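Encoded as structure tokens, the structure appears first; notes follow it.
Quick caveat: nothing in here was measured; it's all calculated off a predicted structure.
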Amino acid sequence: MIRKIVMILFLSVLVSSAGAAPDSPYDIIEKHCTGCHTASFVLGHQKNRGEWEKTIDRMISYGTHLGKEERKIITDYLQQSKR
């Protein structure tokens, strides 16, 4: 009986997380960058795509953990948010 309850709970979590909306670029920045920087610091830089890719690679080498999709999302966002 307990085994069935655990399995039902597991499956309900799995199904609900599968339909969850992906994080916004700002959410990803908040989650992965603001341990060391403020969001305004990150967003205040004007860089082209190549410069952002180098910066993100450097931050990964310092220990931030970004998935491939998260990396693409914030690279696109930061490159487009030139002021």
Side-chain angles (χ1 to χ4, degrees):
M1 179 69 174
I2 291 177
R3 189 175 174 140
K4 284 184 180 182
I5 293 170
V6 170
M7 187 58 108
I8 290 169
L9 288 173
F10 173 75
L11 290 174
S12 66
V13 169
L14 185 63
V15 169
S16 66
S17 66
D23 289 338
S24 73
Y26 189 84
D27 290 339
I28 295 169
I29 291 167
E30 282 278 316
K31 182 177 178 182
H32 294 285
C33 305
T34 59
C36 298
H37 310 290
T38 63
S40 61
F41 175 82
V42 175
L43 297 170
H45 287 81
Q46 296 182 3
K47 299 181 180 190
N48 64 36
R49 179 174 207 74
E51 292 168 330
W52 277 118
E53 288 173 346
K54 287 180 185 177
T55 298
I56 292 168
D57 287 342
R58 189 172 64 252
M59 296 304 114
I60 290 170
S61 77
Y62 293 158
T64 196
H65 300 284
L66 286 170
K68 190 174 186 176
E69 186 63 25
E70 290 175 318
R71 187 181 190 284
K72 180 185 179 329
I73 289 168
I74 64 168
T75 302
D76 291 346
Y77 178 76
L78 291 169
Q79 187 272 321
Q80 293 172 3
S81 65
K82 293 184 204 177
R83 297 181 206 336

Give the intermediate values and the outcome of side chain to side chain contact (heavy atoms under 4.5 Å, CB included) for residues L78 and I29.
CA-CA 10 Å; L78 291 169; I29 291 167; 3.8 Å; yes
Inset, instruction - Decide yes or no on side chain to side chain contact (heavy atoms under 4.5 Å, CB included) for H37 and H45, but give the supporting numbers first. - result: CA-CA 12 Å; H37 310 290; H45 287 81; over 6 Å; no
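The closest side-chain heavy-atom distance from D57 to R71 is below 4.5 Å. Looking only at side-chain heavy atoms (C-beta outward), Q46 and E51 stay at 4.5 Å or farther from each other.
With sequence neighbours excluded, no residue forms a ring-ring contact (aromatic ring centres under 6.0 Å, His included) with Y26.
For the atom pair CD1 of I74 and CD1 of I28, the computed distance is 6.5 Å after rounding to the nearest 0.5 Å. Atom CD1 in I56 sits 3.0 Å away from atom OG1 in T75 (nearest 0.5 Å). Here the CE-CH2 distance, from M59 to W52, works out to 9.5 Å after rounding to the nearest 0.5 Å. Atom NZ of K31 sits about 5.5 Å away from atom CD of E70, to the nearest 0.5 Å.
Residue L66 is grouped with residue Y77 when hydrophobic side chains (ILVMFWY) are merged at heavy-atom distances under 4.5 angstrom, including chains of intermediate members.
The only member of L43, T38, V42 that meets side-chain contact (heavy atoms from CB on, under 4.5 Å) when paired with C33 is V42.
Here the side chain of T64 pairs a donor or acceptor atom with the backbone of H32 at under 3.5 angstrom.
Shown here for A39 and T34, the closest heavy-atom pair between the two residues is N-CG2, 3.8 Å.
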